[in-house]
**Q** 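Right, I'll just put the structure down here and ask away after.
Atoms considered below: every heavy atom in the structure, side chains included; atoms not considered: hydrogens, waters and symmetry mates. Proteins get letters first, then strands, A, B, ... in listed order; numbering begins at 1 in each.
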Amino acid sequence: MAPKKKARVSERAVNSGKDDGETASPVKQKVGDKRKVSAESGKSKESSESPGSPHYCHWLMKSEPESRFENGIDVKFGIEDLKALSNQTSCWDGVRNYQARNFMRQMKEGQLAFFYHSNCKEPGIAGITEIVKEAYVDHTQFDKKDVHYDATSKADNPKWSMVDVQYQRMMKRFLPLSELKKYHLQHRAKGGPLKDMALFTRARLSVQPLTTEEFDFVLSLEDKEPLRT
DNA sequence: GCCAACGTTGGC
DNA sequence: GCCAACGTTGGC
């Protein structure tokens with residue numbers, strides 16, 4: 001996810017395999033992209049998601065704020081890195097997990113996503129980004145030099161998508177995973193908005209949805225004293 | 001650095 | 001299409 005270069009939450013993973021969800025979702029083209037998307041190429045599926053699946057409008061996206069080298073390439077990309085880019089905007093490339101990809105394909109312009117710092121000293125929610133461009137082809141899947149190159153993905157049927165996110169703001173205070181987890185456990189025991197939060201129930205997913213209740217509750221923590229116990 | 005959890009691969 | 005082996009994620 002970097003504006004034009006950078007990495008995200010290494011979601012590397014040997015992909016290939018069946019496309020679980022939909023077929024190439026309506027890759028929304030934007031200016032500059034010459035490839036004409038032949039009007040859905042007649043696919044019937046398109047924005048799949050089972051009919052019954054709730055449609056989310058808030059997200060959490062993980063990225064690593066500390067240096068880590070993968071094939072000689074540093075995958076570091078924390079919220080400060082996003083903030084430093086021109087336009088404070090970056091594409092979120094490198095996602096190589098079908099569920100995470102499918103969630104990105106559901107994202108709509110204007111929606112908000114928590115920027116989560118993972119695989120670091122203090123994991124947790126650092127800030128908020130806005131989705132500024134809906135899912136389109138992740139070019140890094142075709143780049144042999146890229147850490148997330150996918151030899152099994154073909155140009156005429158790309159497997160991986162990405163969205164563009166723009167820095168919105170830092171959390172008023174960093175929200176550590178440890179604190180969120182305390183709430184999660186508490187809510188799981190006695191009920192509460194974080195009882196089913198994906199961060200804990202689907203720990204390895206790098207792009208995950210939040211219900212409005214979850215999102216609002218997390219936001220409310222900004223104004224509270226850090227939970228201790 | 002360890003390792004639990006879990007997604008993916010591939011044999012059958 | 002099952003499922004064991006394998007590989008990755010990511011907290012600790």
**Q** Send over the distance from R68(A) CZ to dG1(B) P, rounded to a whole Å.
**A**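 Going from CZ in R68(A) over to P in dG1(B) covers 14 Å.
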**Q** Rounded to whole Å, please give me the gap between CZ in R204(A) and P in dT8(C).
**A**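 That distance rounds to 10 Å.
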**Q** Does the ring pair (Phe, Tyr, Trp, His ring centres under 6.0 Å) test come out yes or no for W160(A) and Y136(A), once each step is laid out?
**A** CA-CA 8 Å; W160(A) 309 109; Y136(A) 61 110; over 10 Å; no
**Q** OP1 or OP2 of dC6(B) less than 4.0 angstrom from a side-chain nitrogen or oxygen of Y98(A), does that happen here?
**A**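 No, because none of the side-chain N or O atoms of Y98(A) sits under 4.0 Å from OP1 or OP2 of dC6(B).
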**Q** Would you mind reading off the distance between R202(A) atom CZ and dC6(B) atom P, rounded to a whole angstrom?
**A**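 It is 9 Å, rounded to the nearest whole Å.
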**Q** Checking contacts here: which listed nucleotide (dG10(C), dG7(B), dC12(C)) is nearest the side-chain heavy atoms of Q99(A)?
**A**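 From the listed options, dG7(B) comes nearest.
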**Q** Going by salt bridge (charged side-chain N to carboxylate O under 4.0 Å, His left out), name the residues that satisfy it together with R169(A), two or more places apart in sequence or in a different chain.
**A**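 Partners of R169(A) under the salt bridge (charged side-chain N to carboxylate O under 4.0 Å, His left out) test: E222(A).
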**Q** dA4(B) C1' sits how many Å from K181(A) NZ, rounded?
**A**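 Taking NZ of K181(A) and C1' of dA4(B), I get 11 Å after rounding.
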**Q** Regarding R96(A) and S153(A), do their side chains bring together a donor and an acceptor under 3.5 Å, going by distance alone?
**A**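 No, no side-chain donor-acceptor pair sits under 3.5 Å.
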**Q** Please state how far atom CG in L185(A) lies from atom P in dG11(C), giving the value in whole angstrom units.
**A**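 Atom-to-atom, L185(A) to dG11(C), this comes out as 15 Å.
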**Q** List for me each residue that meets salt bridge (charged side-chain N to carboxylate O under 4.0 Å, His left out) alongside E130(A), sequence neighbours excluded, and say none if there are none.
**A**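 Salt bridge (charged side-chain N to carboxylate O under 4.0 Å, His left out) list for E130(A), sorted by chain: empty.
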**Q** To the nearest Å, give me how far apart CG (L199(A)) and P (dC6(B)) are.
**A**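 That distance rounds to 13 Å.
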**Q** Rounded to whole angstroms, how far apart are CD on E70(A) and C1' on dG7(C)?
**A**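 So the CD-C1' distance, E70(A) to dG7(C), works out to 13 Å.
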**Q** Using a 4.0 Å heavy-atom cut-off, does K121(A) contact any base of the nucleic acid, only the sugar-phosphate backbone, or nothing at all?
**A**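 Nothing, no heavy atom under 4.0 Å.
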**Q** Whole Å only: how far is the CG atom of D150(A) from the P atom of dG7(B)?
**A**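 So the CG-P distance, D150(A) to dG7(B), works out to 19 Å.
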